[in-house]
Amino acid sequence: MSERAVVTAGTGGIGLETAKGLARQGYAVTVVGRNAERGTSAIKEIAAVATGAAPQFVTADLASLDQVRALAAHLAAEGPLKVLVNNVGAMFTQRRQTIDGIESSFAVNHLSPYLLTELLLDRLQAAAPSRIVNVTSAAVKAARRTFDAVEPPGGYYGFHWYGRAKLANLAYTLHLAERLRGTGVTVFAADPGGAATSMTDGTMTSPKIVSPPLRLLWPLVRRTFARATAGPASVAASPSVFAATDGSLDGQTGVLIGPGVRPTPVFRAADDPRTIAKVLELSRRLAPLDGGHGVQHK
């Protein structure tokens, strides 16, 4: 019987290539996405390379905490889980708010993987040794490092807010690795680097997603992510697949796998105990594990 793996936002781009990489190694892969038509197409692609059980698709909008909880219940009911890849990510040119009243970038890029992971920990422990992989970004270096509230002070700049949400998730990843040390569940971060995806072709083209002082430099920054210079999604997925499966990582945890598919130093701000404490406090308040609605913020 094939071991189970879940990939969020797995119907296209890096997520789809990650799912295909896991399927090639014999995992029974479940991909999560919002669009059923894209899900059907993704399943066909994954099935074509799978060496284990047939892949599955589950519909969920990960911007909704209630849908994240329903997804977790569905996945938990299917039994032990060997690999969870939190690949979901989104950047916005303008401020958006989720159905829960939470700023969308923070909700999608951090609260969603945080809540899903916490709700599936017992299923991951049941399959130990098992792995959690959280996809991060170099954009963490452009983040406001304040987490007293869901939204930092100042204007909305999508790239910085995306980086801040990814920084929150990276801080959580490092905390979780230590928290689960010795349980058989190991935790990794994966940085795909630049990739040719819909996000790089759309949102990343606008200089308005960065603060005014950086706009003159934006063409240089964007070049890292642009389709013209970035590698294909299959290459960008390699750090996630490596982190999820490679035997050289057995017994290790809290490691960042970078674009060169090798361990990379973690951005120091993510390992700051004060940052971690603030991120955990905010996460627990906004996305309580008991199914409450938390504290909404405008």
Side-chain angles (χ1 to χ4, degrees), residues 4-16 18-19 28-43 46 55-81 83-92 94-124 132-135 150-151 158 161-162 165-166 168-169 172-173 176 197-199 203 240 279-280 282-298:
R4 295 176 58 230
V6 169
V7 181
T8 63
T11 61
I14 296 171
L16 175 57
T18 300
V29 180
T30 297
V31 294
V32 180
R34 292 179 298 170
N35 186 290
E37 185 176 343
R38 291 188 67 188
T40 299
S41 176
I43 290 302
I46 298 166
Q56 298 182 62
F57 170 69
V58 179
T59 305
D61 181 354
L62 298 179
S64 164
L65 296 181
D66 281 345
Q67 289 199 37
V68 173
R69 292 186 181 96
L71 171 65
H74 174 88
L75 295 173
E78 296 194 339
L81 180 61
V83 171
L84 172 62
V85 181
N86 287 304
N87 171 75
V88 67
M91 190 187 304
F92 306 101
Q94 296 181 322
R95 183 189 178 279
R96 297 186 186 180
Q97 195 170 343
T98 69
I99 193 172
D100 300 296
I102 301 169
E103 188 276 318
S104 293
S105 187
F106 197 79
V108 173
N109 294 292
H110 171 59
L111 290 181
S112 160
Y114 158 78
L115 182 59
L116 183 63
T117 299
E118 290 290 330
L119 294 176
L120 289 176
L121 282 181
D122 62 337
R123 298 291 81 202
L124 286 154
I132 299 165
V133 180
N134 289 333
V135 177
V150 68
E151 301 187 29
W161 286 43
Y162 168 79
K166 285 295 189 181
N169 195 246
Y172 166 67
T173 300
L176 188 65
T197 68
S198 58
M199 187 168 76
T203 309
S240 293
V279 166
L280 291 176
L282 186 58
S283 304
R284 291 164 180 160
R285 182 154 48 92
L286 293 171
L289 304 185
D290 62 5
H293 291 291
V295 179
Q296 298 185 346
H297 287 261
K298 295 183 178 179

*asked:* Check whether T59 reaches the backbone of A36 with its side chain - one donor and one acceptor, N or O, closer than 3.5 Å.
replied: no
*What's the shortest heavy-atom distance between G15 and V7, and which atoms?*
O-CG1, 3.6 Å
*asked:* Using side chain to side chain contact (heavy atoms under 4.5 Å, CB included), reason through L75 and L120 one step at a time and then give a plain yes or no.
replied: CA-CA 8 Å; L75 295 173; L120 289 176; 4.0 Å; yes
*Hey, could you give me the CG/CG distance between D66 and D61, rounded to the nearest 0.5 Å?*
11.0 Å
*Over all atoms of both residues, closest heavy-atom pair of K166 and V135*: NZ-O, 2.8 Å
*To the nearest 0.5 Å, what is the distance between CG (L115) and CD (Q67)?*
12.5 Å
*Could you walk me through whether V32 and L116 pass the side chain to side chain contact (heavy atoms under 4.5 Å, CB included) test, one step at a time?*
CA-CA 12 Å; V32 180; L116 183 63; over 6 Å; no
*asked:* I need the T98 OG1 to L111 CG distance, nearest 0.5 Å.
replied: 8.5 Å
*asked:* Rounded at 0.5 Å granularity, tell me how far CZ in F57 sits from CZ in R38.
replied: 9.5 Å
*Have T18 and N87 got a donor and an acceptor in their side chains that come within less than 3.5 Å?*
no
_Would you say that R123 contacts R4 through its side chain, given a criterion of any heavy-atom pair below 4.5 Å between the two side chains?_
no
*Audit row: N86, T117, side chain to side chain donor-acceptor pair (under 3.5 Å) steps and yes/no*: CA-CA 8 Å; N86 287 304; T117 299; 2.8 Å; yes
*Do L16 and I46 pass the side chain to side chain contact (heavy atoms under 4.5 Å, CB included) test, and can you show the C-alpha distance, the side-chain angles, and the key distance before you say yes or no?*
CA-CA 8 Å; L16 175 57; I46 298 166; 3.8 Å; yes
*Give, for atom OG1 of T8 and atom CG of L62, the distance between the pair rounded to the nearest 0.5 Å.*
6.0 Å
_So does L65 get a backbone contact from the side chain of D100, meaning a donor-acceptor N/O pair under 3.5 Å?_
yes
*What's the shortest heavy-atom distance between A168 and F106, and which atoms?*
CB-CE1, 3.8 Å
*Check the pair L121, I132 against side chain to side chain contact (heavy atoms under 4.5 Å, CB included), reporting the backbone distance first and the verdict last.*
CA-CA 9 Å; L121 282 181; I132 299 165; 4.0 Å; yes
*If you take all heavy atoms of G89 and V108, which pair is closest and at what distance?*
C-CG1, 4.4 Å
*Closest approach of A42 and G10, non-hydrogen atoms and distance?*
CB-O, 4.1 Å
*Within a strict 4.5 Å, meaning less than it, do heavy atoms of the M91 and N109 side chains meet?*
no
*Which pair of non-hydrogen atoms, one from V88 and one from P113, has the smallest distance, and what is that distance?*
CG1-CD, 4.1 Å
*In Å and rounded to the nearest 0.5 Å, what is the OG to CZ distance from S104 to R95?*
8.0 Å
*With a 4.5 Å heavy-atom cut-off, do P55 and V31 have their side chains touching?*
no
